[in-house]
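Have a look at the structure below, then the notes.
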Amino acid sequence: MTQEAWGTVRQNLKRVVGANAFTAWIEPLEFNDARDGVASFSAPTAYVGNYVDRNFGDDILFGLRREGVKVERVSFEVSSELARRAAERVNDEADEAEGEEAVMELTSARLDPRYTFEKFIVGKPNEMAFAAAKRVAEGRGVVFNPLFLYGGVGLGKTHLMQAIAWDLRELRPDLNVVYLSAEQFMYRFIQALRERKMMDFKLQFRNADVLIVDDVQFIAGKDSTQEEFFHTFNALVDQGKQIIISADRAPGEIKQLEERIASRLQSGLVVDLHPTDYELRLGILQAKVEHYRKDYPGLTIQDGVLTYLAHRISTNVRVLEGALTRLFAFASLVGKEITQELTQDCLADILRASDRKTTVEEIQRKVAEHFNIRLSDLLGPKRSRNLARPRQMAMYLSKKMTARSLPDIARRFGGRDHTTVMHGVKKIEELMTEDSQIADDLEMLRRALEA
Ligand code: ADP
Ligand code: MG
């Protein structure tokens with residue numbers, strides 16, 4: 001019964017922690033039993049046990065409880081049998097790796113040939129990020145260090161990061177350009193620990209001339225990985241090597257990221273990718289259609305379909321691309337012209353999902369509820385602190401989560417002036433980095449609104 005529960009939890013953990021971390025940490029565990037509120041596991045080494053306890057302990061407890069198992073804490077004991085099996089696996093892998101390229105070259109992850117500057121469509125929401133990336137990619141000395149790019153899912157961070165790597169490799173073949181995700185960094189770090197190859201690991205990274213690390217938020221809360229990342233970062237900056245980092249939010253907003261790391265990450269240039277606007281989406285769609293014309297000669301697309309999609313799908317570029325791919329595949333299968341009607345049929349689910357958009361009114365209601373104040377007070381003229389702050393937070397969320405313009409939002413806040421909203425948004429952006437309570441409240445509200 002409990003073994004079964006663990007089976008389910010384990011399956012879910014794979015999604016939560018990612019495939020690499022799963023292989024490194026969760027897979028080697030064996031579930032023993034759950035008794036007297038303690039879920040007990042066997043681990044190949046004490047290190048693995050401690051690591052899982054610290055980093056994934058809460059996730060495991062949460063999962064088990066959801067499966068109806070009553071547990072208060074987890075415990076790990078070292079099993080020599082598991083240790084033997086783990087050792088065998090490592091040896092097998094080492095045998096396979098032998099004879100492959102030199103270790104030095106293994107450091108960088110593979111780049112996607114589609115992620116180049118040429119294929120990146122520039123619009124108002126991403127022009128700053130694009131310009132900064134371009135500048136760094138010229139490789140003419142270090143201008144800002146690090147360059148920190150952040151933005152929501154599917155807005156082009158990975159695309160830009162890899163574009164920098166492609167250009168640098170071409171323009172400056174003399175430089176050792178290392179690109180990888182923070183998750184891969186962690187995985188290599190763990191592997192180096194396991195195989196007692198920390199020296200090689202350090203050398204590999206300190207040999208980089210340009211280090212590009214994608215999705216750095218991944219290492220938040222993973223203490224030893226953070227520590228090592230921090231050392232690597234400092235060593236490279238001290239040598240005047242260029243570092244480029246991306247994350248899904250601003251350095252100061254990444255929870256469980258050590259303060260000193262966050263502050264180092266902010267010491268260069270921080271640029272954000274804003275949510276797409278209509279023009280950018282249309283531009284991206286047009287570029288993709290050009291591309292598809294080659295794969296699907298003879299397929300025609302009616303006027304108005306692209307503008308329709310650009311209006312209707314406002315989530316992110318990945319969804320937009322997915323929609324178009326499906327549309328072309330479907331149209332070519334049934335051998336029909338792409339009309340608005342066919343689009344609606346073929347993309348019904350995506351279009352429906354995009355309909356569930358947050359409104360300013362919903363945000364106001366949720367914020368009032370959260371702070372236990374009356375909606376009329378939130379929108380009214382009173383300016384006491386206990387009303388003004390929630391009001392500004394509601395303005396901030398309205399700006400970030402809806403496509404409404406500042407004047408439009410201002411109107412919905414009791415007919416205020418748009419500069420008031422602008423000021424409110426700025427204020428919250430400032431406060432968010434210094435006041436973790438505000439950051440937490442916003443995060444909670446955002447999640448509630450997205451649900
Ligand atoms: P992120 O890393 O920010 O989550 P990605 O870089 O993976 O986003 O982008 C998601 C997809 O959208 C990729 O296929 C990428 O090529 C595409 N994409 C994002 N922004 C643009 C853009 N401005 N022009 C062209 N393609 C884009
Ligand atoms: Mg990415």
Side-chain angles (χ1 to χ4, degrees), residues 15 18-21 108-137 146-167 178-187 211-220 244-251 253-254 265 270-295 306 309-310 313-329 347 350 353-354 400 450:
R15 260 183 293 119
N20 288 345
S108 192
R110 263 197 41 215
L111 301 176
D112 189 317
R114 293 168 306 169
Y115 293 173
T116 60
F117 283 122
E118 290 72 43
K119 293 210 170 74
F120 191 83
I121 310 298
V122 187
K124 199 109 201 95
N126 59 25
E127 63 182 354
M128 267 298 285
F130 177 80
K134 265 294 218 198
R135 187 66 210 285
V136 169
L147 168 61
F148 190 100
L149 295 176
Y150 76 91
V153 162
L155 296 181
K157 298 180 298 291
T158 297
H159 190 138
L160 276 181
M161 303 278 274
Q162 296 204 8
I164 296 174
W166 279 120
D167 263 28
V178 174
Y179 166 89
L180 81 176
S181 68
E183 185 178 4
Q184 287 163 327
F185 180 88
M186 179 184 88
Y187 188 58
L211 177 65
I212 310 179
V213 181
D214 206 356
D215 287 323
V216 80
Q217 77 277 355
F218 183 85
I219 63 166
I244 304 144
I245 308 279
S246 84
D248 64 353
R249 62 198 73 184
E253 291 171 48
I254 305 176
L265 291 178
V270 179
V271 198
D272 62 337
L273 287 137
H274 298 276
T276 58
D277 60 13
Y278 170 74
E279 287 85 1
L280 178 60
R281 290 195 293 273
L282 187 59
I284 290 172
L285 285 171
Q286 283 166 340
K288 299 274 169 204
V289 166
E290 271 316 303
H291 183 77
Y292 278 127
R293 287 243 160 82
K294 276 180 250 135
D295 293 340
L306 293 188
L309 284 178
I313 303 180
S314 55
T315 39
N316 70 50
V317 184
R318 197 171 293 138
V319 175
L320 206 60
E321 279 185 347
L324 207 58
T325 307
R326 196 200 295 175
L327 197 54
F328 271 85
L347 302 179
I350 297 180
S354 302
K400 297 292 168 180
E450 274 167 358

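Atoms within a ligand are numbered from 1 in the order they appear, just like the ligands themselves.
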- [ ] Check each of Val289, Leu282, Ile284 against Gln286 using the side-chain contact (heavy atoms from CB on, under 4.5 Å) test, and report the only one that passes.
- [x] Leu282
Open item on the list: Name the residue from Leu273, Leu160, Val271 that meets the side-chain contact (heavy atoms from CB on, under 4.5 Å) definition with Phe130.
Closed with: Leu160
Side chains of [X] and [Y]: closer than 4.5 Å at any heavy-atom pair?
X: Leu327; Y: Leu309; result: yes
X: Asn316; Y: Thr276; result: no
X: Arg326; Y: Ile350; result: yes
X: Ile245; Y: Tyr150; result: no

Name each N or O atom in ligand 1 that is under 3.5 Å from a protein N or O, and give the partner atom and the distance.
unit_1: ligand 1; atom_1: 2 (O); unit_2: Thr158; atom_2: N; d: 2.9
unit_1: ligand 1; atom_1: 2 (O); unit_2: Thr158; atom_2: OG1; d: 2.8
unit_1: ligand 1; atom_1: 3 (O); unit_2: Leu155; atom_2: N; d: 3.3
unit_1: ligand 1; atom_1: 3 (O); unit_2: Gly156; atom_2: N; d: 3.1
unit_1: ligand 1; atom_1: 3 (O); unit_2: Lys157; atom_2: N; d: 2.8
unit_1: ligand 1; atom_1: 3 (O); unit_2: Lys157; atom_2: NZ; d: 2.8
unit_1: ligand 1; atom_1: 4 (O); unit_2: Gly154; atom_2: N; d: 2.7
unit_1: ligand 1; atom_1: 4 (O); unit_2: Arg318; atom_2: NH2; d: 3.2
unit_1: ligand 1; atom_1: 6 (O); unit_2: Lys157; atom_2: N; d: 3.4
unit_1: ligand 1; atom_1: 6 (O); unit_2: Thr158; atom_2: N; d: 3.1
unit_1: ligand 1; atom_1: 6 (O); unit_2: His159; atom_2: N; d: 2.8
unit_1: ligand 1; atom_1: 7 (O); unit_2: Arg318; atom_2: NH2; d: 2.8
unit_1: ligand 1; atom_1: 8 (O); unit_2: Gly156; atom_2: N; d: 3.1
unit_1: ligand 1; atom_1: 14 (O); unit_2: Tyr115; atom_2: OH; d: 3.4
unit_1: ligand 1; atom_1: 14 (O); unit_2: Glu321; atom_2: OE1; d: 2.8
unit_1: ligand 1; atom_1: 14 (O); unit_2: Glu321; atom_2: OE2; d: 3.2
unit_1: ligand 1; atom_1: 16 (O); unit_2: His159; atom_2: ND1; d: 2.7
unit_1: ligand 1; atom_1: 23 (N); unit_2: Ile121; atom_2: O; d: 2.8
unit_1: ligand 1; atom_1: 23 (N); unit_2: Asn126; atom_2: ND2; d: 3.3
unit_1: ligand 1; atom_1: 24 (N); unit_2: Ile121; atom_2: N; d: 2.8

Open item on the list: So, with waters excluded, how many protein N/O/S atoms does the Mg ion (ligand 2) have closer than 2.8 Å?
Closed with: 1
TODO: Could you tell me whether Arg293 and Glu290 have a side-chain N and a carboxylate O separated by less than 4.0 Å?
DONE: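 Here Arg293 pairs with Glu290 in a salt bridge, since their nearest N and O are under 4.0 Å apart.
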- [ ] Return yes if a side-chain donor-acceptor contact under 3.5 Å exists between Ser181 and Asp215, otherwise no.
- [x]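 Absent: no donor and acceptor within the cut-off.
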Open item on the list: Working to the nearest 0.5 angstrom, can you tell me the gap between Lys288 NZ and Thr325 OG1?
Closed with: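 One finds 8.0 Å between NZ of Lys288 and OG1 of Thr325.
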